[in-house]
Amino acid sequence: MSDLRPILTTEKLVMQFGGVTAVDNVDFSLREGELRCLLGPNGAGKSTFFKCLTGQLTPTSGRVRFDGQDITGWETHAIVGMGVGIKTQVPNLFDGLSAYENVRMSARRKHLRPMAKEKAEEMLEKCGIAHLARREVGLLAHGQRQLVELATVLAGEPRLVLLDEPAAGMAGDERDRLADLVLETSRRAAVVVVEHDMAFIRRIAKFTTVFNRGAIFREAMIDEIMSDRAVQEIYLGKQADVAA
Ligand code: ADP
Ligand code: MG
C-alpha cells in the first residue's frame with residue numbers, strides 16, 4: 001500500500017508565543033499513504049503543530065517538508081495548491097452557498113466544469129450527505145457542516161489530508177461515518193488526524209504520536225499507547241476518558 005518514503009516531515013520544529021514554547025523541537029515523519037493520529041492532553045501543542053504544517057502559523061524555527069519540498073512559512077493556499085487537503089478546527093466553508101456549490105468549487109481546482117460537477121456529486125454521496133446538496137451550508141447542523149467540509153477537502157483529491165478535531169461536536173452515527181471515511185481516504189492519501197474523541201480514535205488509529213508539553217512524548221501502535229502507564233498519567237486530571 002505504502003512505500004517508506006516520507007511525504008511529510010518536520011525538523012527541529014519550534015513555535016513560541018512570547019515566553020510559551022507551544023511546539024518544542026519536534027522531528028516528525030509521515031510515510032506516503034500513512035494514517036497517523038496525534039493525541040495528547042489539552043495544551044500539549046497539537047493544534048499549534050498542526051497550524052505549522054498548514055501554514056496558519058509560521059514556525060519560530062525548524063523546517064516543514066512536503067514531498068521533499070521545503071514549505072516552511074508558505075501560505076495555506078500555496079500548501080493546498082501542492083495537494084494538501086486541510087480541515088481546520090474552525091469550519092472553512094462559504095455559508096451562503098449550498099453544500100454542492102462548496103464541494104464543486106473545490107473540485108474545480110482539479111477538474112474542468114462537467115467533471116467537477118460529477119466529482120462534487122460523487123463526494124457528497126460518499127460522505128453520506130447527498131440529500132443536503134442543495135441546502136445552504138450556514139443553516140446546517142454542526143455535524144453536517146463537518147461532513148460538508150470533509151467532502152470539500154476530498155474533492156480536491158489531496159495526496160495528504162490534515163484534519164484537526166474532525167469529530168468535534170458530531171453525533172454518534174456521524175462520527176462512525178466519519179471514521180469510515182477517514183479509513184477509506186487513507187487508502188488513497190496520507191492522513192494526519194488530531195483528535196481527542198477516544199471512541200473515534202479507537203476506530204481509526206494505527207501508528208500514533210502522543211504530544212506532551214509541545215514535544216513528542218511517545219510514538220507507537222494505538223494499543224500500546226492506550227496501555228502505556230506514562231501516557232495515562234499525562235492525561236490524568238486533564239482528560240479522564242483516555243484511561244477509561
Ligand atoms: P492542543 O491543541 O494540544 O490543546 P495548543 O497547540 O492549542 O494545544 O496549545 C499549546 C500551548 O500553546 C498552550 O499553552 C496554549 O495556551 C499556547 N498557545 C496556543 N496558541 C497560542 C496563541 N495564539 N498565543 C499564545 N499562546 C498560544
Ligand atoms: Mg487543539
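Numbering of ligands and ligand atoms starts at 1, following listing order. This is a predicted model, so every value here is computed, not measured.
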Trainee: Testing the basics here: between I204 and L35, what is the closest heavy-atom pair and its distance to 0.1 Å?
Mentor: O-CD2, 3.3 Å
Trainee: Heavy atoms of the protein only: does one fall short of 4.0 Å from atom 15 (C) of ligand 1?
Mentor: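 No, there is none.
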Trainee: Strictly inside 4.0 angstrom of atom 2 (O) of ligand 1, do you find any protein heavy atom?
Mentor: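 So atom 2 (O) of ligand 1 has protein heavy-atom neighbours under 4.0 Å.
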Trainee: Going through the checks in order, is the side chain to side chain donor-acceptor pair (under 3.5 Å) test met by H111 and E118?
Mentor: CA-CA 10 Å; H111 299 288; E118 210 171 287; over 6 Å; no
Trainee: Provide the number and element of each atom of ligand 1 under 4.0 Å from a heavy atom of P41.
Mentor: 3 (O)
Trainee: Going by the order shown, which atoms of ligand 1 are within less than 4.0 Å of some heavy atom of N42?
Mentor: 4 (O)
Trainee: Quick check on the hydrophobic clustering: are L150 and I79 connected, directly or via other members, by side-chain heavy-atom contacts under 4.5 Å?
Mentor: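 Result: no, two separate clusters.
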Trainee: Let me check something: do I71 and V161 share a hydrophobic cluster, defined by ILVMFWY side-chain heavy atoms less than 4.5 Å apart, either directly or through other members?
Mentor: no
Trainee: To which protein heavy atom is atom 6 (O) of ligand 1 closest, and what is the distance rounded to 0.1 Å?
Mentor: T48 OG1, 2.5 Å
Trainee: Report, in ascending order of atom number, the atoms of ligand 1 lying under 4.0 Å from any heavy atom of A44.
Mentor: 1 (P), 3 (O), 8 (O)
Trainee: At what distance is the nearest protein heavy atom to atom 8 (O) of ligand 1, and which residue and atom is it?
Mentor: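 For this ligand atom, the closest protein heavy atom is G45 N, 3.1 Å.
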Trainee: Checking S106 side chain against T152 main chain: does a donor-acceptor pair fall under 3.5 Å?
Mentor: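 A pair under 3.5 Å: yes.
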Trainee: Any chance you could lay out the side chain to side chain contact (heavy atoms under 4.5 Å, CB included) test for E174 and Q144, step after step, and finish with the verdict?
Mentor: CA-CA 8 Å; E174 289 168 340; Q144 295 174 327; 4.0 Å; yes
Trainee: Would you mind checking which non-hydrogen protein atom is closest to atom 4 (O) of ligand 1, with the distance to 0.1 Å?
Mentor: G43 N, 2.8 Å
Trainee: Does T48 put an N, O or S atom under 2.8 Å from the Mg ion (ligand 2)?
Mentor: no
Trainee: Ignoring angles and geometry beyond distance, decide whether A22 reaches within less than 3.5 Å of ligand 1 through its nitrogen or oxygen atoms.
Mentor: no
Trainee: Would you mind checking which non-hydrogen protein atom is closest to atom 23 (N) of ligand 1, with the distance to 0.1 Å?
Mentor: F17 CE2, 3.6 Å
Trainee: Should the pair F28 and F49 be assigned to parallel (<30°), tilted (30 to 60°) or perpendicular (>60°) ring geometry?
Mentor: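 Correct class here is perpendicular.
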Trainee: Pairing donors with acceptors under 3.5 angstrom, does anything connect the side chains of S47 and D164?
Mentor: yes
Trainee: With a cut-off of 4.0 Å, which atoms of ligand 1 are near a heavy atom of S47?
Mentor: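 By the 4.0 Å cutoff, the relevant atoms are 1 (P), 2 (O), 6 (O), 7 (O).
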